[in-house]
Amino acid sequence: MLNDPLFIIAALACAVVGVILILGISNFGKEGIDAAKRSNKFMRWRIIAQFIAVVLILLFVYIRRQMGGE
């Protein structure tokens, strides 16, 4: 499984979601309108990255099942 490029891409996508989540949460503690706007932007990016990660995971599972679980 670790040799499968799609698995590696899906794992990296999950890591990106985690990084964006941490960046967004770190901005919640800051005051000001700019920090709030930045937090909202990070959360929007997280939703998009999370969608991409879920699609990649589903694609990985689908392809593995079609190949007989090799």
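Atoms CG and CE, from Leu21 and Met43 in turn, are 5.5 Å apart once rounded to the nearest 0.5 Å. In this structure, CZ on Arg38 lies 12.5 Å from CZ on Phe28, to the nearest 0.5 angstrom.
Side-chain atoms of Leu56 and Cys14, non-hydrogen and from C-beta on, never get closer than 4.5 Å to each other.
Linking Ile, Leu, Val, Met, Phe, Trp and Tyr whenever their side-chain heavy atoms come within less than 4.5 Å puts Leu59 and Met67 in one cluster. Residues Val17 and Val19 fall into different hydrophobic clusters, defined by Ile, Leu, Val, Met, Phe, Trp and Tyr side chains chained together at heavy-atom separations under 4.5 Å. Leu23 is connected to Val16 through a chain of hydrophobic side-chain contacts under 4.5 Å among Ile, Leu, Val, Met, Phe, Trp and Tyr, so both are in one cluster.
Applying the side-chain contact (heavy atoms from CB on, under 4.5 Å) test to Lys30 and every residue at least two apart in sequence or in another chain returns Asn27, Ala35.
Between Phe42 and Gly24 the shortest heavy-atom distance is CB-CA, 3.7 Å.
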Please tabulate, for side-chain N and O atoms in residues 44-55, each donor-acceptor pair with protein atoms closer than 3.5 Å (sequence neighbours left out).
from  : atom 1 : to    : atom 2 : distance (Å)
Arg46 : NH1    : Gln50 : OE1    : 2.6

Listed pairs under 3.5 Å, donor-acceptor, residues 3-10 side chains, sequence neighbours left out:
from : atom 1 : to   : atom 2 : distance (Å)
Asp4 : OD1    : Leu6 : N      : 3.2

